[in-house]
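One structure follows; several queries about it will come next.
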Protein chains: 2
Amino acid sequence: MGLRELKRERTRQLISDKAFELFTDRGFGRTTVEQIAAAAEVGPSTLYRYYPTKERLVLEFVETSLFGALDWLRDQPPMNVPDGLQGVVERVLDQMESNPDRVRTVYELADQTSSVEAHLATVIWRWRDELSTELVHRLTADSDQPLAGESIGFTAALAAGITMNVIEVTVQTWVENPAGTDAKALAREAMCLLRGGGIPLPTVEP
Amino acid sequence: MGLRELKRERTRQLISDKAFELFTDRGFGRTTVEQIAAAAEVGPSTLYRYYPTKERLVLEFVETSLFGALDWLRDQPPMNVPDGLQGVVERVLDQMESNPDRVRTVYELADQTSSVEAHLATVIWRWRDELSTELVHRLTADSDQPLAGESIGFTAALAAGITMNVIEVTVQTWVENPAGTDAKALAREAMCLLRGGGIPLPTVEP
DNA sequence: AGTAATATGGAAGTGACTACCATATGACAC
DNA sequence: GTGTCATATGGTAGTCACTTCCATATTACT
């Protein structure tokens with residue numbers, strides 16, 4: 001790695017760290033980009049070359065966690081879709097559990113500031129869409145499948161959406177009570193949905 | 001209804017209509033709030049009293065469609081959760097199908113402009129959260145349930161998320177091919193997930 | 001008609017983000 | 001080392017969404 005890329009990485013990390021300091025200190029809305037740039041000792045225009053929006057500063061961690069797991073899936077040999085998705089979920093949860101403070105901070109900032117929540121949602125949506133297209137590849141490329149071509153897109157989107165839901169709900173539960181939650185077990189149980197296990201809902205008499 | 005509220009409704013509708021005209025004409029990003037205000041013959045500050053953000057102008061229709069269905073559920077007598085959610089989905093699809101042009105326009109604007117997509121995501125998330133809490137009410141208030149108190153929140157969030165997914169994927173499919181898609185039938189099939197039907201995925205040999 | 005409540009328009013300001021240009025710095029051939 | 005080129009940086013000026021505040025106008029109520 002050349003000196004150039006090394007400094008790039010360092011600057012990137014410095015900006016991110018200083019931003020999180022300021023955000024946790026005065027809050028997202030009360031921190032200006034100029035303040036972050038000043039704290040990281042770079043010009044505002046340089047900061048924008050690293051992070052295109054203020055919100056991306058907050059969400060970089062979530063982004064790399066999610067898309068890292070997706071890259072893992074892309075490198076896997078053919079396997080049944082529920083197994084692959086199970087692996088994806090566990091990879092994401094591993095990332096989250098390895099950095100609980102970051103996760104908590106991101107959640108707090110998203111709760112407080114609607115623009116952060118909005119950007120978080122788009123990151124998650126984009127991930128879900130890419131996961132969906134990856135599933136389509138896996139279902140069509142490997143062999144001739146019994147499913148009709150049209151409904152594959154529908155099914156894949158649904159499966160990707162459910163996977164995303166399981167991650168969201170599991171992480172949410174875990175963030176609210178980290179000690180008392182076995183995130184992986186919870187997710188494994190929820191993923192039974194894909195395998196036809198249904199969802200344990202009580203019946204209600206009218 | 002007094003004269004005051006009548007004029008309010010008229011102004012609101014006028015602003016919305018003019019905004020859609022301009023958006024479809026020059027695009028969302030190339031339309032300024034001042035232009036919308038001028039076209040509706042109101043001051044910019046008045047416009048902001050009706051719509052807190054530019055994006056809400058686009059998303060009002062989606063919002064009322066979704067939350068209208070939620071209000072319907074709140075008025076329903078106790079019933080099994082999957083049946084209630086099925087009704088919610090069908091109400092939403094009814095709204096969408098009754099105004100296909102609006103739906104298509106919203107989709108196009110969300111595709112082109114990331115901030116619209118982001119706001120759309122938050123509207124949908126908020127709706128999902130409210131649906132989830134409504135499910136918790138229904139599952140706890142009516143009778144004593146066999147489910148443990150802790151896991152009800154988890155299960156309800158999962159069910160609400162899946163419902164949201166079904167709506168999203170169904171509407172997406174329908175928007176791409178309105179003529180050849182029976183949205184309600186598609187959604188009904190997908191909602192079988194909640195009832196333990198699983199998802200029709202082919203197996204893959206390694 | 002008179003008064004209170006509320007809706008409107010405009011002006012001034014904040015801050016995120018963009019476009020652009022001059023300058024500095026690491027990379028590479030010699 | 002030295003010169004050259006590609007790229008990274010800092011600063012400036014500007015756009016536009018959105019906020020705050022105040023003076024004025026319009027509706028509702030007695």
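This one's a predicted model, so the numbers in the text were calculated from it and none came from an experiment.
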Any donor-acceptor N/O pair under 3.5 Å between C:dG15 base and A:Arg30 side chain: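 For A:Arg30, whose side chain was compared with the base of C:dG15, there is no donor-acceptor pair (under 3.5 Å).
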query: Once you round it to whole Å, what is the distance between C1' of C:dT8 and CG of B:Leu3?
result: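 These atoms are roughly 15 Å apart.
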- prompt: Can you find a side chain N or O atom of A:Thr46 that sits less than 4.0 Å from OP1 or OP2 on D:dG10?
  reply: yes
query: Quick one: do A:Arg56 and A:Glu63 make a salt bridge, cutoff under 4.0 Å?
result: yes
query: Can we say B:Asp71 and B:Arg74 salt-bridge, meaning some charged N sits less than 4.0 Å from an Asp/Glu carboxylate O?
result: yes
Rounded interatomic separation in angstrom, taking CD from A:Glu41 and P from D:dA8: 21 Å
query: So which one's nearest nucleotide on DNA chain D is more toward 5', B:Glu34 or B:Lys7?
result: B:Glu34
task: Would you tell me whether A:Thr122 and B:Glu117 have side-chain atoms, one donor and one acceptor, within less than 3.5 Å of each other?
output: no
- request: Let me know, please, whether B:Arg4 or B:Ser45 comes out on the 5' side of the other along DNA chain C by nearest nucleotide.
  value: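 Its nearest nucleotide being more 5', the pick is B:Arg4.
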message: At 4.0 Å (heavy atoms only), tell me whether A:Ser115 reaches a base, stays on the sugar-phosphate, or touches nothing.
response: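 Nothing, no nucleic acid heavy atom in range.
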statement: Closest to the side chain of B:Arg8, out of C:dA7, C:dG15, D:dT9, is C:dA7
query: With respect to the side chain of A:Tyr50, which nucleotide from D:dA8, C:dT8, D:dA28 is positioned closest?
result: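 Selected nucleotide: D:dA8.
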- prompt: Could one point to a donor on the side chain of A:Arg49 or the base of D:dG10 with an acceptor on the other under 3.5 Å away?
  reply: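 Yes, a donor-acceptor pair under 3.5 Å.
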- prompt: Nearest-Å distance, CD (B:Gln35) to P (D:dT15)?
  reply: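 Atom CD in B:Gln35 sits about 13 Å away from atom P in D:dT15.
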Rounded interatomic separation in angstrom, taking CG from A:Leu6 and P from C:dA27: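 A:Leu6 atom CG is separated from C:dA27 atom P by 10 Å.
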- prompt: Do we get A:Arg102 above A:Phe20's six-membered ring, with its NZ or CZ under 6.0 Å from the centre and within 45° of the axis?
  reply: yes
- prompt: In whole angstrom, what separates A:Tyr48's OH from D:dT15's P?
  reply: 17 Å
Rounded distance (Å) that lies between atom P of C:dA16 and atom NZ of B:Lys54: 18 Å
